[in-house]
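Just below is one structure, and these are the notes that go with it.
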Amino acid sequence: MPTPARLHVAHALHEVFGEKGRVPDVWDRDLGEDAPLAQALLGLCLRHWGRLQAWVKPNLKDPSRGVPLGTQVTLAMGLAQLAWLPGVSDHAAVNESVELAGTRDLGFIPHKGLVNAVLRRAAKDRPALAAELDALPASLDRSPAAERALKAALAPHGAEGEIEALWMRLQQPPRPSFRLLRGDLPEGMEPDVDLAGCWRLAEGTPFPRPWLEAAAGMVQDRSSQALLAYAWDRPVTRILDACAAPGGKTTTLALRHPGAALKALEVHPRRAARLRQTLQQRGIEAQVIQVDAAEWLEQTEETFDLILLDAPCTGSGTMQKHPEWPWLAHDELERLMGLQRRLLAAAAERLAPGGLLIYAVCSWLPEEGAAHRPWLAEARPDLHPAAVWPATLGTAEEAEGAATASFRPHPLRWEGEGFQGFALTRD
Ligand SMILES: C[S@@+](CC[C@H](N)C(=O)[O-])C[C@H]1O[C@@H](n2cnc3c(N)ncnc32)[C@H](O)[C@@H]1O
């Protein structure tokens, strides 16, 4: 039997490359001490899938014939271990992959011999294998969707030529950022020099799971933290977080505006239930409503001084954290753009005069962010840009002196998820 860690990795790879689905959130929950190996292996296979497959091809007896997914997965896993995980023995890398190839729902049994032969040959000189893989073009690991997202990330900054540099940055597993919710910081936390209230773990410090489980702190990406570090000094007594789960930004809004009445909407029942529970654990007072925000906004008569619309999107800015992103189906853009516009129009309608509307998506695609602005400006001439972020978080053209109403951190100069957004106020 292959180890549970490798079985889980194989399942996750089948989900991504067979179903074009996401790696399930808690895919490695019960792996105990093997979880780091599984995470590393899955990350390597997802990040270098194109190169691993390209390496295999000339090493087949008949390179003109493709191999089935079960063989692709088992070979990729074996090769990734041999090339980049020196702590894994030859025997474990080769034999476990051969066993995986013999597992009916994960491998392709007729190819057990082929998997064995290719991996045994590769194991004879592991440094040479790594050098051959590293010498293949990095662009093989990028799907057309990834290529497009990278171009979209760089274009607003006039940095189109820096695709390789950005891709290299995104290949590194992300370094988490945290916020303190109450009490003391766990050992090893260091302040982020560029972002007040943001904490990073010092090198070699264990992940602070007990601190997070006690709801004394939370993980929150730097871009999300910077987005909510807007400068706004008008009174805020009624807040709407229109797309709220899992609740990171709801929490920050509540802490930034203590005493304000906070409503948090979320359409998915399970996510809404978890949001309610998370906020409760954190001691955050907010009314959670499980509802379609567009429908709710179109029906309510309430108005808000602050509306956050952290809209559902393609997530193209999250591929560092989700290395499967390049390989997903990517057939949702039209639907999402329509939903984003409907949500935006409905949210603008419920913004109180003098209030602040923040729209954001964790995507670089202009269709999901920048392109909504001229459309909205035409529909709603009573809305005006609100320059609430430091100019460094926008693009050079968008800066109004020291501040900007556009949130588009430079993907190479800003460490954090790819985000874009804008802030508007109303007459
Ligand atoms: C980008 S996430 C929000 C992340 C959240 N603001 C945070 O920082 O933790 C978008 C959320 O909107 C929810 N959603 C999608 N469509 C929605 C709709 N029509 N109405 C309300 N929520 C929706 C999704 O289920 C998802 O939880």
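Numbering of ligands and ligand atoms starts at 1, following listing order.
- The nearest protein atom to atom 19 (N) of ligand 1, hydrogens excluded, is given as Asp292 OD1, 3.3 Å; this is a heavy-atom distance.
- Side-chain contact between Thr74 and His111 is absent, with no heavy-atom pair separated by less than 4.5 Å.
- When only interatomic distances are considered, the shortest N/O to N/O separation between Asp241 and ligand 1 does not fall below 3.5 Å.
- Distances below 4.0 Å separate heavy atoms of Val291 from the following atoms of ligand 1: 20 (N), 21 (C).
- Under 4.0 Å from ligand 1, heavy atoms of Lys249 appear from its side chain as well as its backbone.
- The nearest pair of heavy atoms linking Glu190 to Arg175 is OE1-NH2, 4.4 Å.
- The shortest heavy-atom distance from Ser224 to ligand 1 is not under 4.0 Å.
- For the pair Ala245 and ligand 1, the shortest N or O to N or O distance falls below 3.5 Å.
- No part of Leu308 comes within 4.0 Å of ligand 1, judged by heavy-atom distances.
- Using a 4.5 Å cut-off on side-chain heavy atoms (C-beta onward), His48 and Leu133 make no contact.
- Using a 4.0 angstrom heavy-atom cutoff, Ala244 counts as in contact with ligand 1.
- Only the backbone of Ala242 comes within 4.0 Å of ligand 1, judged by heavy-atom distances.
- If you number the atoms of ligand 1 from 1 as listed, the ones under 4.0 Å from a heavy atom of Pro312 come out as 15 (C), 16 (N).
- When hydrogens are left out, the protein atom nearest atom 13 (C) of ligand 1 is Glu266 OE1, 3.2 Å; that is the closest non-hydrogen contact.
- The protein heavy-atom contact nearest to atom 22 (N) of ligand 1 is Val267 N, 3.3 Å.
- No side-chain heavy atom of Phe17 sits under 4.5 Å from any side-chain heavy atom of Gln72.
- Put simply, the side chain of Trp55 reaches to within 4.5 Å of the side chain of Glu132, judged on heavy atoms.
- Between Gly248 and ligand 1, a contact under 3.5 Å exists for at least one N or O pair.
- Atoms of ligand 1 lying under 4.0 Å from at least one heavy atom of Ala293, given by number and element, are 18 (C), 19 (N), 20 (N), 21 (C).
- Val219 is listed as a side-chain neighbour of Phe207, based on a closest heavy-atom distance under 4.5 Å.
- In terms of polar-atom proximity, defined here as any N/O pair under 3.5 Å, Leu343 makes no such contact with ligand 1.
- Closest approach of Met319 to Trp325, counting heavy atoms only: CB-CB, 3.7 Å.
- Considering backbone and side-chain N/O of Cys243, one or more are found under 3.5 Å from N/O of ligand 1.
- Of the N or O atoms in Leu339, none lie within a sub-3.5 Å distance of an N or O in ligand 1.
- Using modelled atom types, one side-chain atom of Arg126 and one backbone atom of Gln81 make a donor-acceptor pair closer than 3.5 Å.
- Under a 3.5 Å cut-off, the side chain of Gln220 and the backbone N or O of Ser177 do not form any donor-acceptor pair.
- Salt-bridge formation is not detected for the pair Arg350/Glu302: no Lys NZ or Arg NE/NH1/NH2 atom is positioned less than 4.0 Å from an Asp or Glu carboxylate oxygen.
- Tyr359 does not carry Arg373 over the face of its six-membered ring by the limits of under 6.0 Å from the centre and within 45° of the normal.
- In this structure, atom 1 (C) of ligand 1 lies nearest to the protein heavy atom Asp310 O, 3.6 Å.
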